[in-house]
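The sequence lines fix the lettering, A, B, ..., with proteins before strands; numbering per chain opens at 1.
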There are 2 protein chains.
Amino acid sequence: MENLDDILKIDPDASVRFYKKKEFVQRKGGAKAYSFYVKKGLLRSYIIDSKGKEHVFMFASEGWIIADLEAIEFDEPTSLFIDCLEDSEILIFNKNCFLKADLSKEKIVEHLQLLYRRMAKLQRRVLMLMSSPAIDRYTHFVSAYPELPQRIPQHMIASYLGITPQALSTIRRKIAESK
Amino acid sequence: MENLDDILKIDPDASVRFYKKKEFVQRKGGAKAYSFYVKKGLLRSYIIDSKGKEHVFMFASEGWIIADLEAIEFDEPTSLFIDCLEDSEILIFNKNCFLKADLSKEKIVEHLQLLYRRMAKLQRRVLMLMSSPAIDRYTHFVSAYPELPQRIPQHMIASYLGITPQALSTIRRKIAESK
DNA sequence: TCGATTTGTTAATCTAGATGAATGTTCCCT
DNA sequence: AGGGAACATTCATCTAGATTAACAAATCGA
């Protein structure tokens, strides 16, 4: 999604790190939030609500950037947990490096373009959450990210869709039956 | 939020128009999607689902930009309706004008910054939709946008929150009782 | 390799919020 | 000013999905 080398050149503080499956890249309550470029592997971000339940905000596989934008933008303590679903190689950097003066205008515009695309995806996510039943959200997810279901346990997909693992199990049975 | 004069200078095709309350600025199915800067008044965007129900995606008052980003980014027909809740003065422009070469780098970076903030708000919206009960979403909305409830009918706020007007009415009664 | 954790499924019961309907109120519009 | 539409509230009923629990299968770690 974003070019690794660009980031490394731009942000002198950027660093590459290797993580094991289940390791945390960020925890809730951290004072400073970074952005994470996934060079290899698979990450997920999620919150834990007042009842202790996890809610997956997003997944990020190779080439994606994952971050707690709310914390970064408004300088709040982080509210998201970010951990690894697979052993991963991650580039840690400051999102603000994209605002730096020594970056070419073309690069910035390119970055702007990517941001717009992600906003458009988020728009779709909100609309789906509000207006579509769980089964439609699931089929949309599978067709939008066909490679992810194979790498992600179903209960996490359920969480991403805003339903319980049991509900997703039932949905999948119904889909299988109707074919 | 964004500077009106900037847009006018940058996009030669940008135009200002006055709309009456209830007039449509965009309808579903349009081939070309524009961005709308609200100089004065109040707009809302929404979809109509397969059962004919409206779901408000966002409101935009003075200084905000409202657009169907999905349609713009992926060159799809528009899926959102956008109409006026008040008589409004609207600047219509091409989002792509922000990518233009004759825009100073500082302006682009400024714009990038605004985009990040809006992404952060969308992150919060998704998290709230997934993890918070309707009453919390309502109180969050009221405290985040205290001026809007006075200008927006409750059934549209309910729609924005993802609940029915009846449910919002009940929530408001409970809040009033508990005080 | 074996116990333990993680994962997925099924079923019974429960609940937040949807639906549908009736009623009153406020706001327009001409 | 007055009649119709839009708005808000209340209540009775319904339902998608949550919750709880029990169990089987797959995976993992030592």
(request) Would you tell me whether B:Arg44 and B:Tyr160 have side-chain atoms, one donor and one acceptor, within less than 3.5 Å of each other? (result) no
Rounded distance (Å) that lies between atom [atom2] of [N] and atom [atom1] of [X]:
{"X": "A:Met130", "N": "D:dA16", "atom1": "CE", "atom2": "P", "value": "20 Å"}
{"X": "B:Leu161", "N": "C:dG17", "atom1": "CG", "atom2": "P", "value": "11 Å"}
{"X": "B:Glu54", "N": "C:dA18", "atom1": "CD", "atom2": "P", "value": "15 Å"}

(message) Regarding B:Pro153, tell me which of base, sugar-phosphate or nothing describes its non-hydrogen contacts under 4.0 Å with the strands shown.
(response) sugar-phosphate
(message) Between A:Gln154 and C:dT9, is there a contact of a side-chain N or O with OP1 or OP2 at under 4.0 Å?
(response) yes
(message) One thing to verify: whether A:Lys22 and A:Asp83 come together as a salt bridge, which I'm taking to mean a side-chain N less than 4.0 angstrom from a carboxylate O.
(response) no
(request) Tell me, please, whether A:Tyr37 has A:Lys39 positioned over its six-membered ring: NZ or CZ under 6.0 Å from the ring centre and within 45 degrees of its axis? (result) no
(message) What I want to check is whether an N or O donor and acceptor connect the side chain of A:Gln166 with the base of D:dT20 at under 3.5 Å.
(response) yes
(request) Could you work out which one of D:dG17, D:dA8, D:dA6 sits closest to the side chain of B:Lys22? (result) D:dA6
(request) Would you mind telling me which of C:dT19, C:dG8, D:dT10 lies closest to the side-chain atoms of B:Thr164? (result) C:dT19
(request) Please check if atom NZ in A:Lys40 has more than 12 non-hydrogen atoms from other residues, nucleotides or ligands closer than 6.0 Å. (result) no
